[in-house]
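One-based numbering, in listed order, for ligands and for the atoms of each. Numbers for residues simply follow the sequence, beginning at 1.
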Amino acid sequence: MRKLLIALATLGGLLCVAACREENRKAMNEPAKPVAVGGEANADGNARKWWKEAVVYQIYPRSFKDSNGDGIGDLKGITSKLDYLKSLGIDIIWLNPVFSSPNDDNGYDISDYQGIMKEFGTMQDFDELLKGMHDRNLKLVMDLVVNHSSDEHEWFKQSRSSRDNPYRDYYHWWPAEKGKPAARRSFFDVNGDAWKLDEKTNSYYLHYFSQKQPDLNWENPKLREEIYAMMRFWFDKGVDGFRMDVIPFISKDTTFPEMPAKYNGDWGRFYGNGPHVHQYLQEMNKEALSKYDVMTVAEGAGVTTEDALDYVDADRHELNMLYHFEGVSLGYLPDSLKILDPKGYSLVEFKNIYSKWDGVFANKGWGTIYLGNHDQPRMVTRWGNDAPQWRELSSKMLTTFLFTMRAVPYYYAGDELGMNNIKFDRIEDYRDIESLNWYQQTKNKGGDLQQFLAAQKITGRDNGRTPFQWDATTNAGFTTGTPWLKVNPNYMTVNVAAEDNDANSCLNYFRRVVKLRKDNPVLIYGKYTLLDKDNPNVYAYTRELDGRKILVLLNFKDKPVSANTGIDLTEAKLLLGNYLTASPNGQLQPYEAAIYEL
Ligand code: ISL
Ligand code: CA
């Protein structure tokens with residue numbers, strides 16, 4: 001058996017020549033040859049595309065870098081850090097919303113889709129940022145928030161002014177004389193009620209999120225045309241794509257029936273299954289997306305493995321990618337406000353979820369992967385271990401996971417430093433509308449506020465929004481003023497300046513793993529196979545392409561464990577690991593990550 005494995009490894013080495021040729025081609029910037037991997041791919045199913053090979057890095061502008069001392073990150077701040085961003089080896093930057101907004105939900109409530117938020121700067125600042133990125137061969141993806149607008153948007157001001165205003169049908173209204181419509185759940189309302197009575201016209205309007213975020217009426221063709229024109233405006237400026245906020249929620253049955261029993265009370269799933277969502281996305285593709293070489297990614301709220309391909313199968317001409325919630329939702333107590341199961345999460349379930357999602361895109365569409373974003377706590381706290389002795393190791397281990405799966409990594413700024421949750425003790429320290437409203441909701445219901453606050457230390461969104469840590473000066477070099485959200489006190493050691501100079505830092509590990517992925521098509525396009533699937537401690541898998549085979553071993557626990565993959569590693573070549581010396585033959589040290597060439 002062992003001899004056979006060695007023989008296969010040698011064969012793999014010979015075949016590697018082909019892969020290396022592929023790398024040379026890339027270095028010389030020749031166009032890529034489309035490859036079909038994994039069974040019966042259709043003509044376009046697994047064709048190579050720039051965005052499939054890309055690494056996406058997400059910036060929360062409010063928290064990245066403040067240029068004028070008002071305590072709020074801004075566009076000029078990002079522009080001043082473009083060389084840092086380039087040094088990471090990433091390709092695409094996704095900016096959370098920077099459009100004009102009264103900031104009820106930090107920019108997810110847009111009052112002018114073609115204006116820039118005052119705190120963030122001007123359109124000129126935006127143009128400079130875009131140019132600075134393009135000069136460095138970085139692409140810019142904006143955040144399209146079109147399920148709802150701000151109640152301060154001109155459309156809504158008009159819409160609410162009278163029942164026969166031309167903009168009335170830009171939103172969903174229900175005349176109060178018909179009684180209250182069937183219940184709809186608001187994610188951010190203190191009472192959870194998505195219908196708000198507006199006295200001026202004695203009608204209810206719909207808001208899936210806060211009262212200041214009324215839902216736009218996509219069933220109205222005029223509204224849709226305005227949105228596509230707005231998208232073209234940004235594409236004409238040179239923007240490279242859109243991340244689409246809760247896009248599955250846009251279509252509604254405007255008779256507003258009761259939620260059907262088949263949804264089992266799952267509002268996200270119900271909202272994500274509107275009657276015309278695919279018709280509208282195809283129209284959007286035709287009217288805007290197809291005219292440009294851009295990328296799109298849906299925030300796949302309410303989307304399951306069964307309907308994911310309906311959004312991203314290239315033959316359907318809708319979107320390119322979506323990101324699902326199944327992975328990051330693991331481990332919450334059912335029907336709770338993000339309260340974690342004290343037993344922790346099961347790694348076996350975690351592996352099943354990510355493997356199942358890999359399978360969805362094996363022949364069509366393309367996957368994404370993330371463990372952190374602006375709606376999530378810091379990945380090392382939630383999925384690794386942020387105790388001082390494990391923070392760096394487990395952070396590097398999770399980073400290894402994200403960059404070795406067959407999916408575009410969506411990596412959240414600050415995770416490359418191993419930033420962890422700030423864990424506020426008091427509700428007064430929170431700024432996030434979700435945490436504040438849920439606190440009030442718990443209080444109104446006579447719920448356990450201490451339990452809620454304890455859970456928020458791990459799961460609250462503000463943990464992922466604390467200012468980016470640049471150096472050891474006041475406020476981590478983020479601002480010379482008072483930061484809008486407190487800075488994590490560990491900034492004295494966890495910061496770019498310190499980590500830049502340390503070859504073993506999270507930051508430099510991140511750079512190595514990004515480069516490894518970019519240099520090895522097998523890590524991008526290679527077939528994924530889960531190994532040792534019932535092992536409760538280790539996540540092990542192989543990636544294979546054109547005769548090359550890579551093995552990834554990840555210990556998710558704070559103790560030594562062993563991987564039982566049946567693969568003899570004596571001849572294997574270690575490509576990268578988070579320990580200076582990798583453990584022999586599948587024995588793994590706490591939170592060890594190792595990538596082998598077989
Ligand atoms: O629908 C959900 C669960 O089924 C929610 O988790 C929902 O998908 C999520 O809150 C949507 O997030 C996005 O839209 C929000 C905004 O606050 C978030 O920051 C954004 O990422 C409203 O625009
Ligand atoms: Ca500022």
Side-chain angles (χ1 to χ4, degrees), residues 58 60-80 94-99 101 103-110 116-122 125 143-150 184-189 192 194 207-216 243-250 263 265-273 297-304 322-326 328-329 332 335-338 370 372-376 410 412 431-438 459-462 464-465 467 475 478-484:
Q58 182 194 350
Y60 199 63
R62 211 177 170 76
S63 302
F64 195 62
K65 173 71 186 168
D66 174 22
S67 72
N68 63 351
D70 67 354
I72 299 173
D74 45 51
L75 298 180
K76 272 190 178 343
I78 302 173
T79 304
S80 73
W94 152 24
L95 282 189
N96 288 96
V98 298
F99 313 93
S101 166
N103 280 310
D104 190 50
D105 184 20
N106 287 357
Y108 283 93
D109 47 319
I110 296 172
I116 296 292
M117 193 193 296
K118 279 206 183 63
E119 285 107 322
F120 287 173
T122 62
D125 297 337
D143 213 316
L144 187 78
V145 189
V146 289
N147 172 69
H148 45 269
S149 73
S150 163
R184 290 295 179 266
R185 161 80 66 82
S186 158
F187 294 106
F188 293 161
D189 191 70
H207 62 93
Y208 284 177
F209 293 89
S210 87
Q211 294 185 1
K212 285 183 67 63
Q213 294 168 295
D215 283 47
L216 287 162
R243 172 266 184 192
M244 301 192 180
D245 193 61
V246 287
I247 200 77
F249 291 5
I250 55 176
Y263 292 108
D266 183 344
W267 289 98
R269 180 83 185 116
F270 174 46
Y271 289 169
N273 255 323
V297 58
E299 186 195 25
V303 179
T304 64
L322 70 83
Y323 69 83
H324 65 81
F325 281 72
E326 208 179 334
V328 293
S329 305
Y332 292 137
D335 301 319
S336 71
L337 299 175
K338 293 189 185 164
Y370 71 103
N373 65 35
H374 67 293
D375 290 337
Q376 299 295 328
Y410 282 70
Y412 188 52
R431 297 289 171 267
D432 178 20
I433 184 171
E434 179 176 281
S435 302
L436 299 175
N437 275 318
W438 288 1
T459 63
R461 304 198 297 183
D462 275 343
R465 300 177 178 184
N475 295 320
F478 163 70
T479 180
T480 53
T482 308
W484 72 277

Considering only protein heavy atoms, which is closest to atom 8 (O) of ligand 1, and at what distance to one decimal place? A301 CB, 3.4 Å

Checking a contact table here: which protein heavy atom is nearest atom 20 (C) of ligand 1, and how many Å away? D245 OD1, 3.0 Å

So which protein heavy atom does atom 21 (O) of ligand 1 come closest to, and at what separation? D375 OD2, 2.4 Å

Below 3.0 Å, any N, O or S contact between E119 and the Ca ion (ligand 2)? no

Heavy-atom distances under 4.0 Å are what count here, so tell me which part of F188 touches ligand 1: side chain, backbone, both or neither. side chain

I'd like to know whether ligand 1 has R243 as a neighbour, heavy-atom separation below 4.0 Å. yes

Hey, does Y271 sit under 4.0 Å from ligand 1 if you only count heavy atoms? no

Nearest protein heavy atom to atom 4 (O) of ligand 1, by residue and atom, and its distance? G268 CA, 3.6 Å

Can we call the ring centroids of Y370 and Y410 under 6.0 Å apart? no

Provide the atom name of the closest N, O or S atom of D70 relative to the Ca ion (ligand 2). OD1

4.0 Å heavy-atom contact, R269 with ligand 1: no

For I110 and V145, work out which heavy atoms get closest and say how close. CD1-CB, 3.7 Å

How is the N/O/S atom of D74 that comes nearest to the Ca ion (ligand 2) named? OD2

On a heavy-atom basis, I'd like to know which of V328, V246, D104, D105 is closest to atom 16 (C) of ligand 1. D105

Between D432 and R461, does any NZ, NE, NH1 or NH2 come within less than 4.0 Å of an OD or OE carboxylate oxygen? yes

Any N, O or S atom of N68 closer than 3.0 Å to the Ca ion (ligand 2): yes

Regarding ligand 1, does E434 bring an N or O atom to under 3.5 Å of one of the ligand's N or O atoms? no

Starting from atom 1 (O) of ligand 1, which protein heavy atom do you reach first, and at what distance in Å? F187 CZ, 3.3 Å

In D66, the N/O/S atom nearest the Ca ion (ligand 2) carries the name OD1

Check each of H148, E299, R465, Q213 against atom 11 (C) of ligand 1 and report the one with the nearest heavy atom. E299

CH2 of W438 to CZ of F188, rounded to nearest 0.5 Å, is 7.5 Å

Residue, atom and distance of the protein heavy atom nearest atom 6 (O) of ligand 1 read F325 CE2, 3.9 Å

Of D104, D105, N147, which is the lone residue that meets side chain to side chain donor-acceptor pair (under 3.5 Å) with Q213? D105

Nearest to atom 10 (O) of ligand 1, what protein heavy atom do you find, and at what distance? F209 CE2, 3.8 Å

Are F249 and ligand 1 in contact, using a heavy-atom cut-off of under 4.0 Å? yes

